[in-house]
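Note on naming: letters A, B, ... go to the chains in the order of the sequence lines (proteins, then strands), and numbering restarts at 1 for each one.
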Amino acid sequence: MDNTASQTEPVIEANEPNSPSDFIRDAIKQDLAEGRFNHVHTRFPPEPNAYLHIGHAKAVWIDYGIAKEFGGKFNLRFDDTNPTREDQEFVDAILEDVKWLGADWEENLYFASDYFDQMYEWAVDLIKKGKAYVCDLSPEELSKTRGTLTSPGIESPYRDRSVEENLDLFARMKAGEFPDGARTLRAKIDMTSPNIVMRDPFMYRIRHTDHHRQGDKWCIYPSYDWAHGLEDSIEGVTHSLCSLEYEIHRPLYDWFLEELGIYHPRQIEFARLKLPYTVMSKRRFIELVNDNHVDGYDDPRMPTLAGLRRRGYTPEAIAEFCRRIGIAKSDSTIEWHLLEDCVREDLNKRAQRVMAVMNPIKVVITNYPEGQSEMVDAINNPENADAGTRKVPFSRELYLEQDDFREVPPPKFFRLTPGREVRLRYGYFIKCNEVIKDENGEIVELHCTYDPETRGGNAPDGRKVKATLHWVSAEHALEAEVRLYEHLFVKEDPDDVPEGKDYIYNLNPESKTITKCWIEPSVADTVPGDRYQFERLGYFCVDKSSTSQHLIFNRTVALRDSWAKIEKAK
RNA sequence: UGCCGGAUAGCUCAAUUGGCAGAGCGCCUGACUCUGAAUCAGGAGGUUCUAGGUUCAAGCCCUAGUCUGGCAGCCA
C-alpha cells in the first residue's frame, strides 16, 4: 500500500536548534527518512462529552506542535460516535478551549459523524470478505463469552452466519428493525487472542438515539476501535498520536486498516499527564459540579482549561508547561510547582503591577499634613518599559501588610519594626516611632514619620534601607474581594482513602478562601480577565463575576517568597 | 498465573551505529536590586531497578527476576 499517495506536501524537517527531541519526533523523522510518509499530518480527536482539561492541553500541544514543527497539517476532529453522551454544548466549549490554547486548525475542522456513510460501506466490505458478522448475543452473554485476562474466550454461535444473512441482518440493524442491544456487528478475528481487544470486538451497536449532528438518520453507531482508524485514514492523517491506554488497541487499529486495504496512518502512544491533588476524569468532573463541590466546570480550582483560564493562567504558560514536561512512555506525575512556575514566568513579563494590601495594619504618618494627599509615580511593569507609569495617591493614613511589621523582629527580619526606617514603594522613607495598642494588647495602628526629602523613594543623602514595602492610601483605596485557592484535595492521590470512603472524602475543605483586600484606585475600571501582579503578593486575575461596584480577584499564584521559607525553616 | 508498556539526579526528561551519564525545574551559596520578586553567577546532587551474561567497552544487546502502569463497557 502506498502511504504517501494521498497528499504531496513538501517535506520539512524539524531541524531548528531548539526543537525538542523525543521518541515520537524521532519516529516521525525516521518515517520521513525511510519514505513511509512524505509529510506530517496530525489530529486532536476529542469526544464532545466533557470539558477539556490540562491533560488535553498536553495532547493538543503534541499534535499541533509536531504538525507545526514539521510544516505539516493539524486537524481538529470531534470523535462524536456515541450520541448518548455527547452534546453541542461540549463542541462549543472545546472549540473555545482549543482556540484559546492557540492551536490553529485553520479550515481543518471535522466530525467523525460526517463519515458514518463511508464507515457503513466499509463495514459491508468487511462482511463480504467474511471478516465481520452480526452477533445476537446480549451484552451479558457477550461479556461472559469474552473470557478473562488469563483464559481465552469462546466463539459466538452466530459467528459463522453466511455473508448473505449477515448483509441482510446488518441492513436491518441500520433500518431500525431491532431494539437497542439486540445485535451487534463484530469483527471476526480470534476469540483466543491473548489480547482481549482482538477477541471479535464489536464494530456497531444499536442505539435508537438522535445524534447531535445527524439527527435521527442513524440508529447504529460505530465503536471507537472500528471508527478511529477510519477517521484517521479518511483525513489522510500520518501520525495518530494518542495516550498509552490505546497501546493495546493498536493491533486492532492496524487490523481494520489492513483488512480494508485503505490508507494506513501510524498510531503512536504517549503517557498521559497526571497531576497530584486533583482528579482528571470526566465522570468526576461531573460529580464535583453536580454535587456542588465546586462552582462549575470553570471553577478556578478545577484542572479544566476553563478553570485554569478563570484562575488567570495564560495559554502561553500552558504551552510552556507542555514543552517542559516533554513526551515519554513512562507514567509520571508532574508537580503543580512546574505549572505555577510557568505562569509566574509568563505573567512576570506581562502583568501590570499594582499595590494591594490583604491583611491591613493602619499607619498614621504623624508629620504628614492632615487632609493632604498627593499623587506619586509608579512603574507599571519593570520588565517592560513600554508599559509606562501611573499615579498612585499617598496620604497621611495608610494601610500596610501586617506581615511587614514586627514589634519584636526575629533574626533576618528587615521590614518595619519600631525605630527602623524602611521605604514605601514609590513613596517615602518612613520610620516607626510608636505602636498603638488597644486594651487587649492588640496592635491597632502604628505611628510613623516620613522624610519629605525621600519623595519617590530615594534619599538625597544616599542612605539605604533594607526593605521596600507596598502600601495603599486608606482614604483612596478600593475594597475588593479576593479568592485564594489551594489544592482541591488534601491527598496527592485523591483515591488514597480509608475503607468504605471514596475520593470525595479527600476534598480539601480549605481549597477556597474568600477574603478582602484594599487596592489602589487605578484598577477601578478593570474588567474580567485582566491580570495583575499585586506587588510582593502574587498574580491575580479579575473574576468573570467582578463588577466595578464589587471587584473580585482570583489569585492565580503567589510570588516566590524566600522570607516565608526562612521563617518556615525555623 | 495472560498480553502490551515502563524503571536514568528530588521532579520531568536526554544520552548518534554500544564509546568519559547530561539538561531544565527544584535545592544551597554569592552578586545585583525601590518587589525578600525578577535577573545573573557558582555549587551540591547518580550503585542508570536487581542478579548474571556477551564485549576492549553496556544506560543501550542477551537471560532471569523485582517493582510499576494499562487492558476483561454494546465508553473513548
Side-chain angles (χ1 to χ4, degrees), chain A residues 20-22 26 45-47 49-50 79-82 84-86 135 137-140 142-144 146-153 180-186 193-199 201-207 220-221 223-225 227-228 242-251 269 271-272 274 282-283 323-335 337-338 341-342 344-345 348-349 353 355 378-379 382-383 412-415 422-427 429 454 456-458 464-470 533-538 558-566:
Chain A
S21 166
D22 53 65
D26 289 348
E47 185 189 13
N49 70 343
D79 201 4
D80 53 352
T81 56
N82 184 355
T84 62
R85 305 147 48 104
E86 297 156 8
C135 179
L137 256 24
S138 68
E140 299 74 38
L142 205 165
S143 89
K144 243 184 281 172
R146 194 177 358 249
T148 69
L149 292 175
T150 50
S151 65
D180 287 3
R183 296 177 214 264
T184 55
L185 183 71
R186 292 225 261 162
S193 171
N195 183 350
I196 289 180
V197 170
M198 300 297 276
R199 320 239 259 231
F202 85 94
M203 295 161 61
Y204 280 94
R205 75 282 223 185
I206 299 172
R207 281 286 146 77
I220 55 170
Y221 291 96
S223 69
Y224 169 86
D225 285 312
H228 205 85
C242 59
S243 51
L244 244 30
E245 56 194 306
Y246 295 105
E247 199 162 28
I248 200 160
H249 294 249
R250 192 188 336 127
E269 313 84 13
R272 58 161 56 182
K274 275 195 289 188
K282 299 168 181 179
R283 201 196 92 234
R323 192 192 66 75
R324 286 192 199 175
I325 60 178
I327 317 173
K329 291 191 79 163
S330 51
D331 290 304
S332 56
T333 303
I334 311 288
E335 299 164 2
H337 170 87
L338 195 59
D341 189 57
C342 291
R344 285 198 196 96
E345 181 180 285
N348 176 49
K349 286 182 290 200
R353 268 60 169 178
M355 289 194 286
I379 294 167
E383 305 288 324
K412 290 187 186 166
F413 182 88
F414 42 82
R415 276 114 93 145
V422 299
R423 171 167 43 230
L424 296 184
R425 180 150 233 225
Y426 305 124
F429 284 13
T454 58
N458 285 303
K464 300 285 185 193
V465 288
K466 290 200 76 177
T468 299
L469 310 182
H470 62 276
Q533 184 198 89
F534 290 5
E535 294 219 28
R536 304 208 305 135
L537 295 178
L559 249 35
R560 284 201 190 89
D561 187 347
S562 53
W563 166 243
K565 218 181 289 177
I566 292 171

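- The SG atom of A/C342 sits 4.0 Å away from atom CZ of A/R324, with the distance rounded to the nearest 0.5 Å.
- The shortest distance between the side-chain N/O atoms of A/S138 and the OP1/OP2 oxygens of B/C74 is not below 4.0 Å.
- Atom CD1 of A/I566 is separated from atom C1' of B/A37 by 14 Å (rounded to the nearest Å).
- Between the C1' atom of B/G73 and the NZ atom of A/K282 lies a distance of 14 Å, rounded to the nearest Å.
- Taking atom C1' in both B/A58 and B/G53, one finds a spacing of 11 Å when rounded to whole Å.
- Put simply, A/N195 has no side-chain N or O that comes within less than 4.0 Å of OP1 or OP2 on B/C4.
- For B/G10 and B/G65, the P atoms lie 29 Å apart once the distance is rounded to whole Å.
- OP1 and OP2 of B/C71 both lie 4.0 Å or more from every side-chain N or O belonging to A/R250.
- Here B/U68 presents its P atom at 21 Å from CD of A/E245, a figure rounded to the nearest Å.
- OP1 or OP2 of B/C27 lies within a sub-4.0 Å distance of a side-chain N or O belonging to A/K565.
- No hydrogens or angles were tested; on distance alone, nothing pairs the side chain of A/E335 with the base of B/U12 as donor and acceptor under 3.5 Å.
- B/G36 has A/W563 stacked on its base ring, the centres lying under 5.5 angstrom apart and the planes within 30 degrees of parallel.
- Look at the P atom in both B/A64 and B/C27: the space between them is 44 Å, to the nearest Å.
- Contact check, A/R205 against B/C75: a side-chain N or O comes under 4.0 Å of OP1 or OP2.
- Scanning atom types as modelled, one donor and one acceptor separated by under 3.5 angstrom connect the side chain of A/R415 and the base of B/G36.
- Between B/G2 and A/S151, no contact under 4.0 Å exists linking OP1 or OP2 to a side-chain N or O.
- Side-chain nitrogen and oxygen atoms of A/R536 include at least one within less than 4.0 Å of the OP1 or OP2 phosphate oxygen of B/G36.
- Spacing between atom CD of A/E247 and atom C1' of B/G5 amounts to 5 Å, rounded to whole angstrom units.
- A donor-acceptor pair under 3.5 Å is formed between the side chain of A/R344 and the backbone N or O of A/A558.
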